[in-house]
Amino acid sequence: MMASARMYGVFTALVAVVTILTTMIFSVLPENPHPEIVVFPKKVSCRYNTGDKLEKVTSQSDLDQVTYPGNTDVTVLSNASDHHQGDVLTVRVVARDKKGRPKTYGGDFFRARLVSSDRSLQASSAGHVTDHCNGTYTVQFPLYWVGGVSIKIQLVHPSEAVQVLQRTRETPNKRFFVCSFFDVKTKATETRQCFSSPNPSLPPQQQCDFSKREVNGTWICDKPEKLPCSSIWLCRWDGGKSYKRAVGLLSGKMEPKLFKKPYLEAELKVDTKEPIRVLEAELTTPQHLPACTGDVRESGVTLGHWSAKVWTSSVCNVRVFAKEDIRRCLANKTVYMQGDSALLQWSTRLREVIPLTDIIGPAAKDGTPKRPPHIRLRNSSQWNISVSFQFHHFPTQGHSWNYFYDFSYTADVLDSIRGGPNTVVVLGLWAHFTAEPLDMIRSRLHYIRGAVHRLLRRSPDTQVYVRTGTTREHNKGKLEYYVLGSDWLAYQITEVIREVFRADPDVVVLDTWDMSVCQPGKDSIHPDQTMVDSQLNRFLSHICPN
C-alpha cells in the first residue's frame, strides 16, 4: 500500500510538471506575423516510455491494465468564462485502466473535435493531441467561432491495441493477391499467388519477379508450371482470404477484445463543470488571410474549421469556387492526377462541374475484366482544360480482376510529364498501403519525390500537390477492417507524407486529415460531396489564389 501511495504521489507530481511545462510552452511561442493563425509547438511522436516493448495482452489481468475509457479523466485546464475567439482551449487527458490506476506510458490514439452547441452554425474543428509519454495528454482546440462549444474526445485505440496494429502492419504479405497467366495461342491459363513484398520462402527459380527497383516497386508471383512469366495477364485482391489471414495474426482470445467495446472508439466523459461559451475576440485581428501561395509555412498545415458545410482555413484564404470560377481557374491547364480512388473522386467531380467530355482510355465491356481507372477528360471547345487520372501500381485492393500491364508506377508517370506553367500534378497515394509495412510507402514516396525533383528541374514552374490521408468507415466494428485499415494506420501514412515532403518548398502538401476528423458527414474512404468540394476549394485556391 505504501509503495502504491508513493507511486501515485510521483505520478501526481509528474502531472503537475507537465501542466507547468505546457503553460511555459504557450508563453514562449514565437511571434506570429499573422495573429489570426494559431501556432502550436512541434508535435512529439511518442509510443511508450517504458524502455521496453509492451507485453502482449494474454490474460484478464493484462486486459485490466489497458486504458479504460470509463475511468479516463478529461479536464479543461482554463477557466470556462475566459474564452475568446482566437484563443486556444486546453484540455488534459489522464489515462487510467479498468481499476482506476493511472497509466505510466503513452501511445493511446485519440480523436478530438470541438463542435458548436448551436446546431444552426454547423461548426466543428479538430483538436491537436500531444502525447507526453507518461499516460497524460494535452489536447489543444483553437477557438474559431463565437458561441457555445462542446468537447468531443474519442479513444479510438488504447496503446495496447496500437501495439497490435503496429506488429501486424510490419508483417509482410498478409494480404492475399492472385494473378492469372494466359497464353494467347493455346488459351492455357494458370493462376498463382502473388506478393507485394519479397517472399524469402520462394526460391528464385520458382518465382516471377516483376519488381522495378528503380522506383522501389515490388511484385512477385509463384512461377507457373508451364507458362512463362511474361504471360502475366490479370490480377486481383482476395478480400476473404486476406481478412482471414490478418485476423489470424492476433494472439489468443484477449487481443481481439482490444478491438471491441468498451476499448474501441469510445467517447470519453468530459468534465467541463460549466458550459463553455466563446466570446468575441478581445483584440482586433486582420480581416484578410494571406493568399494560398504554397510556401513552406502553409504546406502541410491543416488548421481551420467547418462552418455550414464549408471548410474555412485559418492559414490562407481558401475561396469557395463556383462552377464558373473553376472553369476560369483551370482554363488552358493540364491536370495530371495519380493515386487511389479517393483522388479519383476529384476528377469525377471536375468532370461534372466543368463539364469535361471526350473520355479517352480503356473501357471495360460487360462480362470482361475490369480496367483500372485511367481517364483523360477534355473541354477543348471553350476552356481548353485537360484532366487525367491514373491509378497507382500494385498493391491495389480491389475484388475485380484488373489487367496487370494497365498499371504504371507514379515515378514513371512523373518522368513522362513535360511540365510547364500550365501543368498541374496532384498525387494521392495512401489508402492501399495501410495494411503494408510502413517502410513500403515511405520508400516509394522517396522515389516519387526524386521524380518530382526531376520534373521541377525540367520545368520549375510546374505546380505539384500531394494529398494526405483521411479517416474512413469501419463497417460496424469488424475486426478484420481495423487490422488492415484502422485510422491509426492511415494517420501513420499521413505523418510519413508530411515527413517526406516537408522540406520541399515547391511541393504543396494538401493536408486533409483534420478536415476528415471533424467533417460534418460520415467517415468514409469515399467522403460525401461536401468534403470533396471543400478539398477542391483548397486545391484550387493554391492554383488561383486571387
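Nothing here was measured: the structure is a model prediction, and the numbers come from that model.
- The backbone N or O of Pro527 sits less than 3.5 Å from a side-chain atom of Gln345, completing a donor-acceptor pair.
- Distance alone, capped at 3.5 Å, places no donor-acceptor pair between the Ser150 side chain and the Ser117 backbone.
- Between Phe110 and His128, the gap from one ring centroid to the other reaches at least 6.0 Å.
- His84 contributes atom NE2, which lies 13.5 Å from atom CG of Leu89 (distance to the nearest 0.5 angstrom).
- Atom-to-atom distance recorded for Arg442:CZ and Glu495:CD is 10.0 Å, nearest 0.5 angstrom.
- Closest approach of Pro290 to Val315, counting heavy atoms only: CG-O, 3.5 Å.
- Taking all atoms of both residues into account, the shortest heavy-atom contact from Val507 to Phe501 is CG1-CD2, 3.9 Å.
- Panel note: side chain Thr334, backbone Ser386; no donor-acceptor pair is recorded below 3.5 Å.
- Contact between Glu265 and Lys261 at its shortest, heavy atoms only, is O-NZ, 2.9 Å.
- Phe141 is listed as a side-chain neighbour of Ile151, based on a closest heavy-atom distance under 4.5 Å.
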Kindly determine whether Ile385 and Lys333 satisfy side-chain contact (heavy atoms from CB on, under 4.5 Å), including the steps that lead there.
-> CA-CA 5 Å; Ile385 299 170; Lys333 288 185 171 55; 5.8 Å; no
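- Taking the six-membered ring where the residue is Trp, Phe539 and Tyr465 present perpendicular rings, their angle passing 60° and hence far from 30°.
- Here the shortest heavy-atom pairing between Asp487 and Trp513 reads O-CH2, 3.4 Å.
- Checking Gln338 against Thr410 by side-chain atom types alone, a donor-acceptor pair falls below 3.5 Å.
- Within the 6.0 Å centre-distance limit, the rings of Phe259 and His157 are counted as a close aromatic pair.
- The aromatic rings of Trp311 and Trp306 sit perpendicular, their planes meeting at an angle over 60°, well past the 30° parallel limit.
- Counting heavy atoms from C-beta outward, Val353 and Arg327 have side chains that stay 4.5 Å or more apart.
- Judged by distance alone, the side chain of Ser347 and the main-chain N or O of Leu344 form a donor-acceptor pair under 3.5 Å.
- Counting only heavy atoms from C-beta outward, the side chains of Leu445 and Val496 approach each other to under 4.5 Å.
- For the atom pair Leu330 CG and Cys544 SG, the distance stands at 6.5 Å (nearest 0.5 Å).
- The distance from atom CD of Gln535 to atom CZ of Arg349, rounded to the nearest 0.5 Å, is 12.5 Å.
- One side chain, Thr136 or Asn134, offers a donor N or O that lies under 3.5 Å from an acceptor on the other.
- The cationic atom of Arg319 (NZ for Lys, CZ for Arg) lies less than 6.0 Å from the six-membered ring centre of Phe321 and within 45° of the ring axis.
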Apply side-chain contact (heavy atoms from CB on, under 4.5 Å) to the pair Gln65 and Arg101, showing each step before the final yes or no.
-> CA-CA 8 Å; Gln65 299 178 53; Arg101 297 168 297 198; 3.6 Å; yes
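- Taking every heavy atom of both residues into account, Thr471 and Ser516 meet most closely at N-OG, 3.1 Å.
- Using a 4.0 Å cut-off between charged nitrogen and carboxylate oxygen, Asp514 and Arg113 do not count as a salt-bridge pair.
- In this structure, Tyr481 OH and Ser486 OG are separated by 14.5 Å, a value rounded to the nearest 0.5 Å.
- Counted by atom type alone, Ser116 and Asp118 present zero donor-acceptor pairs between their side chains at under 3.5 Å.
- Contact of the Val424 side chain with the Ile543 side chain is registered, since non-hydrogen atoms from C-beta on lie closer than 4.5 Å.
- With respect to the salt-bridge test (charged N to carboxylate O, under 4.0 angstrom), the residues Lys103 and Glu160 qualify.
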Check the pair Arg444 / Asp439 against salt bridge (Lys or Arg N to Asp or Glu O under 4.0 Å), numbers first and verdict last.
-> CA-CA 8 Å; Arg444 192 172 291 195; Asp439 278 346; over 6 Å; no
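- The backbone N or O of Gly469 sits less than 3.5 Å from a side-chain atom of Thr494, completing a donor-acceptor pair.
- No donor-acceptor pair closer than 3.5 Å links the side chain of Asp340 to the backbone N or O of Leu429.
- Heavy-atom contacts from other residues, nucleotides or ligands closer than 6.0 Å to CD of Glu280 number 12 or fewer.
- The closest donor-acceptor contact from the side chain of Asn71 to the backbone of Asp97 lies under 3.5 Å.
- Side-chain N or O atoms of Ser534 include none that pairs as donor or acceptor with a backbone N or O of Met531 at under 3.5 Å.
- Residues His432 and Phe391 place their aromatic rings such that the two centres sit under 6.0 Å apart.
- With a 4.5 Å cut-off on side-chain heavy atoms, His83 and Arg277 do not count as touching.
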Take His453 and Arg457 through the test side-chain contact (heavy atoms from CB on, under 4.5 Å) and record every step on the way to the result.
-> CA-CA 6 Å; His453 289 174; Arg457 282 197 295 270; 3.9 Å; yes
Determine, stepwise, if the pair Thr168 / Val164 fulfils side-chain contact (heavy atoms from CB on, under 4.5 Å).
-> CA-CA 6 Å; Thr168 55; Val164 175; 4.3 Å; yes
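- Across Gly485 and Thr434, no two heavy atoms sit closer than the pair CA-OG1, 3.9 Å.
- At a threshold of 4.5 Å between non-hydrogen side-chain atoms, the residues Cys292 and Val318 count as touching.
- With rounding to the nearest 0.5 angstrom, the CG atom of Asp108 is 3.5 Å from the OG1 atom of Thr67.
- Using a 4.5 Å heavy-atom cutoff, the side chains of Leu114 and Leu143 are in contact.
- In this structure a side-chain-to-backbone donor-acceptor pair under 3.5 Å is present from Tyr144 to Gly304.
- Taking a cutoff of 4.0 Å between a charged side-chain nitrogen and a carboxylate oxygen, Arg449 and Asp504 qualify as a salt bridge.
- No side-chain heavy atom of Leu510 sits under 4.5 Å from any side-chain heavy atom of Thr468.
- Between the side chain of Arg538 and the backbone N or O of Asp511, at least one donor-acceptor pair lies under 3.5 Å.
- Between Tyr137 and His132, the gap from one ring centroid to the other reaches at least 6.0 Å.
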